[in-house]
> 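Got a structure here, written out as structure tokens. Questions coming.
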Amino acid sequence: MSEEYVTLDDKDLNGDGVVDQAKVYTLDDGANVLEADTDGDGEVDLIAIDADGDGVYEETVDPATGESTAVTGS
């Protein structure tokens, strides 16, 4: 995994009007991973995966359950 993280300090990812803490990093296979705390409790509650690194996230993962969901339109 790449140790280079991009932190998104000014994005409202879930549209609630509050800036969400998030980071993006790249895995060795070229996939981009976004991890975000959208409810402000200090824990990651959203993981999105861009498997081919093209900037389109194809899958989300619930970190509490490990359940993944394909993003509509991917």
> Return yes if some donor-acceptor pair links the side-chain N/O of D62 with the main-chain N/O of E67 below 3.5 Å, else return no.
no
> Treat each ILVMFWY residue as a node, draw an edge where side-chain heavy atoms are under 4.5 Å apart, and state whether V44 and L27 are in one component.
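As far as the 4.5 Å side-chain criterion goes, L27 and V44 are connected within one cluster.
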> If you measure from CD on E35 to CG on D45, what distance do you get to the nearest 0.5 Å?
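Answer rounded to 0.5 Å: 10.5 Å.
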> Verify the distance criterion only: is there a donor paired with an acceptor across the side chains of T38 and D20 at less than 3.5 Å?
no
> How long is the straight-line distance from CG of D16 back to CG of D39, given to the nearest 0.5 Å?
9.5 Å
> Testing the basics here: between D12 and G15, what is the closest heavy-atom pair and its distance to 0.1 Å?
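In terms of heavy atoms, the two residues are closest at OD1-N, 3.0 Å.
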> Measuring from atom CG of L13 to atom CG of L34, what distance do you get when rounded to the nearest 0.5 angstrom?
6.0 Å
> To the nearest 0.5 Å, tell me how far I49 CD1 sits from E58 CD.
9.0 Å
> For S68, is there any backbone N or O sitting under 3.5 Å from a side-chain donor or acceptor partner on E59?
no
> Looking only at heavy atoms, which two atoms of G53 and N32 are closest? And how far apart?
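Between these two residues, the closest heavy atoms are CA-ND2, 3.6 Å.
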> Which atom names give the shortest non-hydrogen contact between D50 and V56, and what distance separates them?
OD1-O, 3.0 Å
